[in-house]
Amino acid sequence: MSQYNPQQIESKWQQYWQEQKTFKTPDNHDKPKYYVLDMFPYPSGSGLHVGHPEGYTATDIVARFKRMKGFNVLHPIGWDAFGLPAEQYAVKTGTHPRDTTEKNINNFRSQLQALGFSFDWDREVNTTDPDYYKWTQWIFLKLYEKGLAYEDDVPVNWCPELGTVLANEEVIDGKSEVGGYPVVRKPMRQWVLKITEYADRLLEGLDDLDWPHSTKEMQRNWIGKSIGADIDFTVEGVDKEIRVFTTRPDTIFGATYMVLAPEHHLVDIITTNGQRQAVAEYQQEAATKSDLERTELSKQKTGVFTGAYATNPATGKQIPIWVADYVLATYGTGAIMAVPGQDERDWEFAEKFGLPIVRTVQPPEDFDGKAYTGEGEAINSDFLNGLGVTEAKEKIIDWLEENEYGKKAVNYKLRDCLFSRQRYWGEPFPIIHVDGEPKPVGEDNLPVTLPELNDYEPTESGEPPLAKAEEWVNTTDPETGKPAVRETNTMPQWAGSCWYYLRYCSPDFKGGPVDPAEEDYWMPVDLYIGGAEHSVLHLLYARFWHKVLFDCGVLKTKEPFQKLVHQGMILGEMEYTGYKYKGKWISADGIEDIENVEKVKLDEADVGKQDDQYVIKDTNIKIDAKAHKMSKSRGNVVNPDDIIDEYGADSMRLYEMFMGPLEQVKPWSTKDVDGVYRFLGRVWRLMIDEDSGELLDEVADAEPSKEQLKTLHECIGKVTDDIGELSFNTAISAMMIFVNEANKWDERPKAVLKAFVKLLSPFAPHISEELWRRLGHNDTIAYADWPEFNEAYLVAETITYPVQVNGKVRANIEVAAENAKNKEFVLNLAKEDANVQRYLEEGELVKEIFVPERIVNLVVK
RNA sequence: GCCCGAGUGGCGGAAUUGGUAGACGCGCCGGAUUCAAAAUCCGGUUCUGUCAAAGGAGUGGGGGUUCGAGUCCCCCCUCGGGUACCA
């Protein structure tokens, strides 16, 4: 008895690969290289979910394919292992985060190995390893030296109860997501990275990258470059000017008032005594609102008059200055000239507070809205009248510059990024404070390692946990011998992931983050696969660091990731939900309006379909049918281990690739795994006698027939092309077609079977290794030559032409290959067909369409 | 609101980029094998119609271009993702 037994085969070959170090990256640079990278995982306690293997299988297929195509392949993995969960667990249990992390990594590693991924395990990196974070710190020092890392008081979401700073998404309605404690905006001393200095280069660099359009677009929006003008308005009676940024300087004649953000530094100076109290109250109110609240409550504009006036430099008129929180302190100059005629927000505000509105762009006749933001001729604008928006902008900027009222200016939405966290489990900063001033510790003193602590909670005064390690904190400046205090903040989780792809090139290099020769050979990453949730932050920060290291002369490449692909999320199984009210089924529409509706999960067998609606079978009671995101709380999480136990890793890999296009969101369906499992069974039985376990008698050293070669080469062509385009689902389909065909053969030439096994091997490596061995090879299939596609074998003896009359197929005709391109011959044959003739008789033949080897269309009137 | 992306059988999806819509798989129906079942194998499976054919309809809806449209153009609807007072 020797049926296809994945469990046996898979552990055998996984062991073989490990012992033989089959996937060790070659040390020499004698071949073309290919660097294929996955976004490395955070090793969480719950282990792998089915989303991880999706991207990893895709890259593994490409890695294995490229090896067989003769490339030196770098295909590494590692761990993004700093982070909050291990620290929170430590606070609760006292377990050192290092121990938790190590345990989780071991679990992840064995899960990944059970899937048969061809990672080079000798190149594993771990962001929490001092040998790794030494270089994270080293890069920070470079940033510091270049003036790109600085300390600043930044308002952060401070939660006194939790004693920590929270990210915006961790704050809900002014309360902490965990525990529901109040959160306040509080300025704290933080490390900040000056990413804004690279805004233009980060924008321009996108052009040449082979990335999803939407991802590039998101980065562009995030950087948010806008071109306009800075204009200074003088304040009446105060020797101050207010600078505004505007993208519409052409509308300045319609600027009927100004607005300052509540935090603007001039508010206190210009406010008149009469308005002082009202303004102070308004500022107080604004301070207690979070950014989110300000925008969410934005339906109603609020604001107060400062009592002060400025002069509009274009009109010479006095315009009132208001304070309102719809102007953000953090964008532009924190002040605007308000042009209600051409700005919806200004219109809304002007309407509410009775401020004058002047149109300076002529709206089209049929325009019935309020503010008009489109193209049009300038009106009410003196010397700009009659000009289009673009010309008016140019002219007014010239005028502003001549009269020294302002100048052309560029602004970005992008802000410098907060780089410190008040936490333990992160990279310590290589910074000491001497006489209250920050000072780098010097390269020779790296790494600055994390001290041991007894507990991981922040101090009562809200200082980070590291402040408790007094012996560590209090040190001396090695240069001057003066007493010094170590920085007690740590770096955020994303620090380590900004450069890990570089470390893989030379994981043991002692002279820097990456060996220049290795970087020169391996970089850039040729294919990077990971989730779309990292479209902006990770990918932008990594590009930023990369460019900084380029400027430092550490790197020769300008961009890290040449081609990027996002795998689509895998949702849970389709769920059918019916609704009951007072014990009776009710239709799914309109249930929002009814209270006490009972949700009932339905089995697929009880579901029917009427037109486009899902219904309870044989009724017309509508139900909901939806696949949801996998989540513990929903209880629809699929564990890869279970699938491997039942079907094997090869089936798991194959199924995830067969589900649909890699980039698409798709619902999981365990019963569909049966399909690919059966396919592998058929592959097995194509060659192996299940009774004896030996090769079948049909498997022979015979010359392949023409037909067999055609079947094989159709498969080679399709699979080769499809891997190149990451269309794994159709590649698998092509292999299924081959096997369905080959199973009919009485004689199965070894040469054909071997070629097929090679095609299968990147997808289902374990069964392929096993069959390769049984077909008479003693070495691994991993470096076998990829089969050469030969189009000559595809030539068919006859070609079938569909024959249309007026665009509808009325017959199919067989034409011998030698006549297939003979237009006259084919058309005559087509017209002879009895059914075609019936339709030709209905009128006069006016046109004949002949597309060689495709179609015939006869047009009759 | 704005910016992307997508709508194809009962389900996941395919379609050489303008050339026979529904490949491949799941499910379902029928048959073979079996004492029986599992497993496996063979056949069928968009809807409608028919003993069978011939036909007719059909890729979210409406219009258009074309000999020919799932594919190209215009308008609309629905769903998914991102973003949100960025002046």
Syn or anti for B:rG9, please, going by whether the chi angle lies within 90° of 0.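 B:rG9: syn glycosidic orientation.
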Syn/anti label of B:rU20 as read from its glycosidic torsion, with the cut at 90° from 0: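 This nucleotide is in anti.
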B:rA87, B:rG25, B:rA57: which one has an atom nearest the side-chain heavy atoms of A:Met736?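 So the side chain of A:Met736 is nearest to B:rG25.
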Under 4.0 Å between a side-chain nitrogen and a carboxylate oxygen: does that hold for [X] and [Y]?
X	Y	answer
A:Glu351	A:Lys370	yes
A:Glu741	A:Lys744	yes
A:Asp624	A:Lys626	no
A:Lys831	A:Glu848	yes
A:Arg220	A:Asp207	yes
A:Arg634	A:Glu575	yes
A:Lys710	A:Glu714	yes

Where along nucleotides 4-17 of chain B does protein come under 4.0 Å, by heavy atom, of base (B) or sugar-phosphate alone (S), with - for untouched nucleotides? S-----SSBSS-B-
Tell me, for nucleotides 37-53 of chain B in 5' to 3' order, what letter each nucleotide earns: B for a base near a protein heavy atom under 4.0 Å, S for only sugar-phosphate near one, - for neither? ---SS------------
What is the distance from [atom1] of [X] to [atom2] of [N], rounded to the nearest Å?
X	N	atom1	atom2	value
A:Asp833	B:rU20	CG	C1'	14 Å
A:Lys393	B:rA87	NZ	P	10 Å
A:Asn835	B:rA54	CG	P	8 Å
A:His628	B:rC79	NE2	C1'	13 Å
A:Phe728	B:rC24	CZ	C1'	17 Å
A:Gln300	B:rC85	CD	C1'	14 Å
A:Ile813	B:rU20	CD1	P	15 Å
A:Glu741	B:rC24	CD	P	11 Å

Considering only atom [atom1], compute the distance from [N] to [M] and round it to an integer number of Å.
N	M	atom1	result
B:rA57	B:rG9	C1'	14 Å
B:rA6	B:rC72	P	10 Å
B:rC73	B:rG7	P	14 Å
B:rU71	B:rU65	C1'	14 Å
B:rU46	B:rG64	P	31 Å
B:rG18	B:rA53	P	35 Å
B:rG30	B:rA38	P	14 Å
B:rG49	B:rG56	C1'	8 Å

Mind checking salt bridge (charged side-chain N to carboxylate O under 4.0 Å, His left out) for [X] and listing every partner two or more places apart, or none if nothing turns up?
X	answer
A:Asp603	none
A:Lys601	none
A:Glu241	none

May I ask you to check whether A:Thr798 and A:Glu814 show a side-chain donor-acceptor distance below 3.5 Å?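 Yes.
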Side chains of A:Ser535 and A:Gln219: any donor to acceptor distance under 3.5 Å?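 The criterion, which ignores hydrogens and geometry beyond distance, is not satisfied for A:Ser535 and A:Gln219.
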Closer to the 5' end of RNA chain B via nearest nucleotide, is it A:Tyr412 or A:Ser733?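 With A:Tyr412 and A:Ser733 compared, the 5'-side residue is A:Ser733.
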With nearest nucleotides of RNA chain B determined for A:Pro802 and A:Arg810 from heavy-atom distances, which residue corresponds to the more 5′ nucleotide?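 Result: A:Pro802.
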Contact list for residues 715-739 of chain A, test salt bridge (charged side-chain N to carboxylate O under 4.0 Å, His left out), sequence neighbours left out: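 Sorted pair list: A:Lys718-A:Asp722.
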With a 4.0 Å cut-off on heavy atoms, is [X] in touch with a base, just the backbone sugar-phosphate, or nothing at all?
X	answer
A:Tyr839	sugar-phosphate
A:Lys216	nothing
A:Arg838	sugar-phosphate
A:Thr247	sugar-phosphate
A:Ser535	nothing
A:Ile737	sugar-phosphate

For RNA chain B, what are the stems built from at least three Watson-Crick or G-U pairs in a row, each pair having both distances below 3.5 Å?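 As far as RNA chain B goes, consecutive pairing (with distances under 3.5 Å) yields the stems B:1-7 with B:77-83, B:10-12 with B:24-26, B:27-32 with B:40-45, B:46-48 with B:55-57, B:60-64 with B:72-76.
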Heavy-atom neighbours of A:Glu217 CD exceed 12 at 6.0 Å: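 Yes, enclosed.
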Quick check: closest heavy atoms across A:Tyr801 and A:Val851, and the distance to 0.1 Å?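 Shortest heavy-atom separation between A:Tyr801 and A:Val851 comes out as CE2-O, 3.7 Å.
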Under the side-chain hydrogen bond (donor to acceptor under 3.5 Å, both in side chains) test, residues paired with A:Asn835 that sit two or more places apart: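 Partners of A:Asn835 by the side-chain hydrogen bond (donor to acceptor under 3.5 Å, both in side chains) criterion, ordered by chain and then number, come out as A:Arg838.
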Close N or O pairs between protein and nucleotides 67-71 of chain B (under 3.5 Å):
unit_1	atom_1	unit_2	atom_2	d
B:rC67	OP1	A:Lys847	NZ	3.3
B:rC67	O2'	A:Asn857	ND2	3.3
B:rC67	O2	A:Asn857	ND2	2.5

With A:Ile616, which residues qualify under side-chain contact (heavy atoms from CB on, under 4.5 Å), at least two apart?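 Checked A:Ile616 against side-chain contact (heavy atoms from CB on, under 4.5 Å); matches are A:Trp585, A:Leu602, A:Thr619, A:Ile621, A:Ile623.
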Using a 3.5 Å cut-off and no angle test, enumerate the donor-acceptor pairs between side-chain atoms of residues 225-233 of chain A and protein atoms at least two apart in sequence or in another chain.
unit_1	atom_1	unit_2	atom_2	d
A:Lys225	NZ	A:Asp200	OD1	2.8
A:Ser226	OG	A:Tyr331	OH	3.0
A:Asp232	OD1	A:Arg243	NE	2.9
A:Asp232	OD2	A:Arg243	NH2	3.2

So which protein nitrogen or oxygen atoms get under 3.5 Å of nucleotides 81-83 of chain B's nitrogens or oxygens?
none

Give a yes or no on whether the backbone of A:Leu794 and the side-chain of A:His713 come within a donor-acceptor separation of less than 3.5 Å.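 A pair under 3.5 Å: no.
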